[in-house]
Amino acid sequence: MQPIHDLAATLMRRSDELAAHTEEPGKITRRYGTPALAEVMGIVEGWMRDAGMQTRRDAIGNLFGLLAGPSDDCPRLMLGGHLDSVRDAGRYDGVLGVLSAIATVEVLRDREEPLPFAIEVVAFADEEGVRFHSLYLGSWSAIGALPPGLLDATDADGITVRQAIRDWGFDPEGALEGSLAECEYIGFVEAHIEQGPRLEVAGIPVGVVSGIVGTRRAHLDVYGTAGHAGTVPMADRHDALVATSEIILAIDEGGRSHENAVATVGEIAVRPGASNVITGGARISLDLRHPDGAVVDELYDEIRTRSAAIAARWKVDIAWRTGQKVEAMSCDDALSGALAAAVEAAGHEPVRLFSGAGHDAVAMSRVMPTTMLFTRCKGGISHNPAESIASEDAAATIDVLVRFVDAMAAMHGR
Ligand code: HGY
Ligand code: MN
Ligand code: MN
């Protein structure tokens with residue numbers, strides 16, 4: 001068996017290798033259905049096979065590797081993460097979950113004593129939702145909960161999810177049916193960088209996740225009147241960008257007015273987008289989050305009320321395009337307890353922390369006991385190319401996952 005530190009060094013090297021596969025040279029960008037994502041899926045599938053796993057792809061393009069258990073219909077323990085990314089991303093978001101799961105299998109595969117269950121490693125094909133503005137396409141599809149209407153959502157080029165699945169060589173109708181095996185799943189555990197500073201501040205390499213915030217996404221279209229920047233008097237303007245700017249500030253204020261809430265405008269597009277033309281139209285994205293879904297709804301209503309008043313004042317029209325709403329989730333107590341015991345057995349203080357970031361664990365928690373292991377990341381930086389982890393923290397992650405699997409084996413009749 002390879003020492004854990006060697007496996008961690010391999011994980012770091014593999015993360016660097018995957019980082020080179022991108023839509024945007026010099027950055028890391030891998031959206032659903034792109035050649036860059038297809039490339040890394042192929043590479044990771046090879047690593048899964050090298051680790052002794054049988055592999056398969058499902059109808060939306062998720063990748064699964066199976067380390068067989070005592071029988072074909074035996075229970076499965078699922079580990080994994082996602083291989084898509086945001087734009088100009090870091091190299092560990094999602095990838096750490098997939099690669100640490102493969103490393104864990106490489107430890108387990110060499111064991112004399114078989115496990116009483118199979119290990120299934122998943123690499124989801126779209127967690128970030130960058131292309132279609134919808135989180136968790138891969139994991140919703142895997143659990144058979146992809147909303148049928150989502151197949152008609154379009155990307156910036158007007159391509160539907162349905163077409164993108166087909167273009168990638170997969171099956172859009174099949175993507176509605178779910179792709180988990182017909183067996184008992186004893187749980188899903190996702191290792192993921194914390195994407196926040198708490199573990200680093202506490203001086204602890206790993207932490208157990210207690211729950212994940214609820215999220216709500218939308219787009220706002222602002223309709224003004226394009227005009228000549230030199231000839232339209234200020235008092236006669238219907239400037240969509242000025243109105244949008246004030247609405248963005250109102251959104252930010254809304255996020256600050258509710259403790260533990262966050263409100264973000266990450267996308268903006270203006271029409272026609274010329275320096276000597278008064279902006280005729282604008283579109284912005286909205287991302288709201290809070291541990292309590294009712295607060296997310298309250299905040300959304302407040303923002304819509306304020307944006308209507310701002311639009312009236314600037315003599316523009318607005319239209320909200322309500323998007324995805326995902327309820328908050330609490331991690332499974334028993335699974336989290338076993339994970340915390342594994343953290344402690346590995347020699348670390350078993351802290352629990354709440355996730356402000358969304359994860360596929362939200363979807364998986366709808367169908368099986370689910371928890372997450374956070375790994376310390378430098379400065380808490382993520383969704384940023386400066387995202388980084390230490391190899392010894394990758395080693396701590398693998399060590400805890402192996403101990404966790406052993407604990408689950410003891411609980412399930414090894
Ligand atoms: O948006 C999120 O929280 C996650 O990174 N998809
Ligand atoms: Mn992310
Ligand atoms: Mn992620």
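As the structure lists them, so they are numbered: ligands from 1, and atoms in each ligand from 1. In this chain, residues are counted from 1 in sequence order.
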Distance-only side-chain donor-acceptor flag, Trp320 / Ser307, under 3.5 Å: yes
Heteroatom of His192 nearest to the Mn ion (ligand 3) (N, O or S, atom name): NE2
Minimum-distance atom from the Mn ion (ligand 2) among N, O or S atoms of Glu128: OE2
Proximity flag His359 to ligand 1, non-hydrogen atoms under 4.0 Å: no
Best match, His192, Gln195, Arg289: closest heavy atom to atom 2 (C) of ligand 1: Arg289
Element-labelled atoms of ligand 1 that are located less than 4.0 Å from some non-hydrogen atom of Ala357: 3 (O)
No-hydrogen, no-angle side-chain donor-acceptor test under 3.5 Å, Ser100 and Thr397: no
Thr371 vs Ser336, side-chain hydrogen bond (donor to acceptor under 3.5 Å, both in side chains): CA-CA, chis, key distance, verdict: CA-CA 6 Å; Thr371 191; Ser336 302; 2.9 Å; yes
N/O/S atom of Asp93 inside 2.8 Å of the Mn ion (ligand 2), strictly under: yes
No-hydrogen, no-angle side-chain donor-acceptor test under 3.5 Å, Thr55 and Arg49: yes
Interfacing atoms of ligand 1 (cut-off 4.0 Å, heavy-atom, His383): 5 (O)
Whether Phe188 and Phe124 hold their rings parallel, tilted or perpendicular, with breakpoints at 30° and 60°: perpendicular
Per-atom contacts of ligand 1 with Leu135, taking only distances under 4.0 Å to non-hydrogen atoms: 1 (O), 6 (N)
Asp287-ligand 1 polar pair, N/O distance under 3.5 Å: no
For the Mn ion (ligand 2), the closest N/O/S atom belonging to His383: NE2
N/O/S atom name from His82 that is nearest to the position of the Mn ion (ligand 3): NE2
Enclosure of Arg321 CZ (heavy-atom neighbours >12, cutoff 6.0 Å): yes
Centroid-centroid distance, His82 to Tyr32, less than 6.0 Å: no
Where ligand 1 meets Glu127 - atom numbers and elements under 4.0 angstrom, heavy-atom basis: 4 (C), 6 (N)
Under 2.8 Å: N/O/S of His359 next to the Mn ion (ligand 3): no
Arg30/Asp84 salt bridge by N-O under 4.0 Å criterion: no
Donor on one side chain, acceptor on other, Thr29 and Glu23, under 3.5 Å: no
